[in-house]
A.B. asks: 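Input: one structure, supplied below.
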Amino acid sequence: KKYPDDVFLQWGLLVFSAHKAAQEDRNKEAATFLAEAIRLCPTNRSLILKDYADKLTFSGDTKEAIPLYREMIAQGGKAADIRRDHLGLALALSWDSQLTAALNEYQNLVSTDPDDIDAGNGVARVLSWSERQSDAETAYRRILSLSPKNPEALRGLAQVEDWQGHHRLAQAVLAQRLTDDPNDLDARRLLAQSLYWMGRPD
């Protein structure tokens with residue numbers, strides 16, 4: 001209020017508002033704030049471009065996010081940042097139903113670092129979405145050999161087992177996950193679904 005013409009203060013307020021909206025799962029609103037911040041101060045674009053691409057992805061605007069990730073990858077940088085951008089691109093591609101391209105991104109990351117849990121889970125998830133359930137099961141089990149209590153891998157493996165009709169196996173995996181974390185609502189929902197599919201609506 002004191003300095004209404006200070007562009008950098010306005011930019012800071014927009015970025016702060018975006019972060020607050022994202023914390024409350026209002027990703028579309030967060031993306032709008034970040035787009036306005038970029039318009040207001042283009043010289044600071046690189047500082048928030050990753051956040052902007054992520055918020056576009058999480059709000060369903062994957063077609064807008066994909067070229068932003070590719071732009072960041074082309075710019076290069078630290079290895080950790082490039083890995084982060086490839087993970088973002090792979091996720092956006094998978095949510096945009098570009099499953100082959102997403103799988104290639106995840107597999108390239110795994111070939112660079114076989115112990116990359118995030119990329120490994122991405123491989124398994126995309127294989128499952130591509131209706132390659134047996135391959136997805138193998139991929140999830142490989143992740144669990146590296147990280148036996150990995151929540152995403154346990155939930156993913158259970159879902160793959162369910163989709164193959166192996167309901168008791170799925171329920172055993174979910175029971176393990178709920179022993180680790182009784183508040184995992186996604187695992188509990190998957191367990192209820194498995195019991196229903198098994199003919200146990202009670």
A.B. asks: Please say yes or no: joined through hydrophobic side-chain contacts below 4.5 Å, possibly via intermediate residues, are M198 and L178 part of one cluster?
C.D. replies: no

A.B. asks: Taking L191's backbone N and O only, do any of them form a donor-acceptor pair with S194's side chain (distance below 3.5 Å, no angle check)?
C.D. replies: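 Flag not set: sc S194 to bb L191 has no pair under 3.5 Å.
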
A.B. asks: Do any N or O atoms from the side chain of S128 and from the backbone of A124 form a donor-acceptor pair under 3.5 angstrom?
C.D. replies: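 No; zero donor-acceptor contacts below 3.5 Å.
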
A.B. asks: So, do V110 and R142 sit near enough that their side-chain heavy atoms are less than 4.5 Å apart?
C.D. replies: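 Of all side-chain heavy-atom pairs linking R142 with V110, at least one is under 4.5 Å.
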
A.B. asks: Show, in sequence, the C-alpha distance, side-chain angles and deciding distance for D51 and H19, and conclude whether the side-chain contact (heavy atoms from CB on, under 4.5 Å) test is met.
C.D. replies: CA-CA 9 Å; D51 274 348; H19 290 165; 3.2 Å; yes

A.B. asks: Stepwise, does the salt bridge (Lys or Arg N to Asp or Glu O under 4.0 Å) test hold for K55 with D61?
C.D. replies: CA-CA 8 Å; K55 300 309 174 287; D61 293 328; over 6 Å; no

A.B. asks: Hydrophobic clusters here meaning ILVMFWY residues chained together by side-chain heavy-atom distances under 4.5 Å, can you tell me if W129 and L190 are in one?
C.D. replies: no

A.B. asks: Minimum heavy-atom separation for A102 and A90, please, with both atom names.
C.D. replies: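 Between these two residues, the closest heavy atoms are CB-O, 3.5 Å.
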
A.B. asks: According to a 4.5 Å side-chain heavy-atom criterion applied to Ile, Leu, Val, Met, Phe, Trp and Tyr, with indirect links allowed, do L47 and L68 form part of one hydrophobic cluster?
C.D. replies: yes

A.B. asks: Mind checking whether F58 and W95 have side chains closer than 4.5 Å, heavy atoms only?
C.D. replies: yes

A.B. asks: Indicate the atoms forming the closest heavy-atom contact of F8 with C41, along with that distance.
C.D. replies: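 Closest approach of F8 to C41: CE2-SG, 3.9 Å.
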
A.B. asks: So if you build clusters from Ile, Leu, Val, Met, Phe, Trp, Tyr with side-chain heavy-atom gaps below 4.5 Å, do F16 and L49 land together?
C.D. replies: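 No; L49 is not reachable from F16 via cluster members.
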
A.B. asks: Can you confirm whether more than 12 heavy atoms, excluding those of E24, are under 6.0 Å from its CD atom?
C.D. replies: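 Check passes, neighbour count above 12.
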
A.B. asks: May I ask you to test the W11-I48 pair for a side-chain heavy-atom distance under 4.5 Å?
C.D. replies: yes

A.B. asks: Are E152 and I143 side-chain neighbours, meaning at least one heavy-atom pair lies under 4.5 Å?
C.D. replies: no

A.B. asks: Grouping I, L, V, M, F, W and Y whenever their side-chain heavy atoms are under 4.5 Å apart, do L40 and Y52 come out in a common cluster?
C.D. replies: yes

A.B. asks: Looking only at heavy atoms, which two atoms of D162 and H167 are closest? And how far apart?
C.D. replies: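 It is OD1-ND1, 2.6 Å.
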
A.B. asks: To the nearest 0.5 Å, how far apart are CG in L174 and CG in L154?
C.D. replies: 8.5 Å

A.B. asks: For the pair I117 and N121, evaluate side-chain contact (heavy atoms from CB on, under 4.5 Å) and give the outcome as yes or no after the intermediate values.
C.D. replies: CA-CA 6 Å; I117 300 297; N121 272 322; 3.7 Å; yes

A.B. asks: Do the side chains of D181 and R177 get close enough for a salt bridge, i.e. N-O under 4.0 angstrom?
C.D. replies: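 Judged by the 4.0 Å cut-off on N to carboxylate O distance, D181 and R177 do form a salt bridge.
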
A.B. asks: Partners of Q164 by side-chain hydrogen bond (donor to acceptor under 3.5 Å, both in side chains), sequence neighbours excluded?
C.D. replies: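 Applying side-chain hydrogen bond (donor to acceptor under 3.5 Å, both in side chains) to Q164 gives E137.
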
A.B. asks: Rounded to the nearest 0.5 Å, what's the gap from CG on L91 to CD1 on I66? Could you check?
C.D. replies: 10.0 Å

A.B. asks: Give, for atom CD1 of I82 and atom OG1 of T112, the distance between the pair rounded to the nearest 0.5 Å.
C.D. replies: 10.5 Å

A.B. asks: Please report the closest heavy-atom contact between A53 and M72, naming both atoms and the distance.
C.D. replies: CB-CE, 4.1 Å

A.B. asks: Any sub-3.5 Å donor-acceptor pair from S59's side-chain atoms to L56's backbone N or O?
C.D. replies: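 Judged by distance alone, yes, a pair lies under 3.5 Å.
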
A.B. asks: Could you state the interatomic distance from CG (L13) to CG (D6), rounded to the nearest 0.5 Å?
C.D. replies: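 So the CG of L13 and the CG of D6 are separated by 11.5 Å.
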
A.B. asks: Is the shortest distance from a Lys or Arg side-chain nitrogen in R141 or E161 to a carboxylate oxygen in the other one below 4.0 Å?
C.D. replies: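 Answer for the salt bridge query: yes.
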
A.B. asks: What are the two closest non-hydrogen atoms of Q133 and V160, and how far apart are they?
C.D. replies: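 Taking Q133 first and V160 second, the nearest heavy atoms are O-CG1, 3.3 Å.
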
A.B. asks: Would you check, one step at a time, whether the test side-chain contact (heavy atoms from CB on, under 4.5 Å) holds for R125 with V123?
C.D. replies: CA-CA 6 Å; R125 185 172 61 251; V123 167; over 6 Å; no

A.B. asks: Tell me the closest heavy-atom pair linking A158 and A170, and the distance in Å.
C.D. replies: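 Closest approach of A158 to A170: O-CB, 3.3 Å.
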
A.B. asks: Nearest 0.5 Å, please: how far is CG in D116 from CG in L87?
C.D. replies: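 L87 atom CG to D116 atom CG measures 6.0 Å (nearest 0.5 Å).
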
A.B. asks: Is a salt bridge present between D85 and K50, judged by a nitrogen-to-oxygen distance below 4.0 Å?
C.D. replies: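 Judged by the 4.0 Å cut-off on N to carboxylate O distance, D85 and K50 do not form a salt bridge.
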
A.B. asks: Between T57 and Y69, is any side-chain donor less than 3.5 angstrom from a side-chain acceptor?
C.D. replies: yes

A.B. asks: Salt bridge check, R83 against D113: does any charged N sit closer than 4.0 Å to a carboxylate O?
C.D. replies: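 Salt bridge flag = no for R83 with D113.
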
A.B. asks: Holding to side-chain hydrogen bond (donor to acceptor under 3.5 Å, both in side chains), I want the full list of residues that pass it with E64, two or more places apart in sequence or in another chain.
C.D. replies: none

A.B. asks: Nearest 0.5 angstrom please: R188 CZ to R155 CZ, how far?
C.D. replies: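 That separation rounds to 13.0 Å.
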
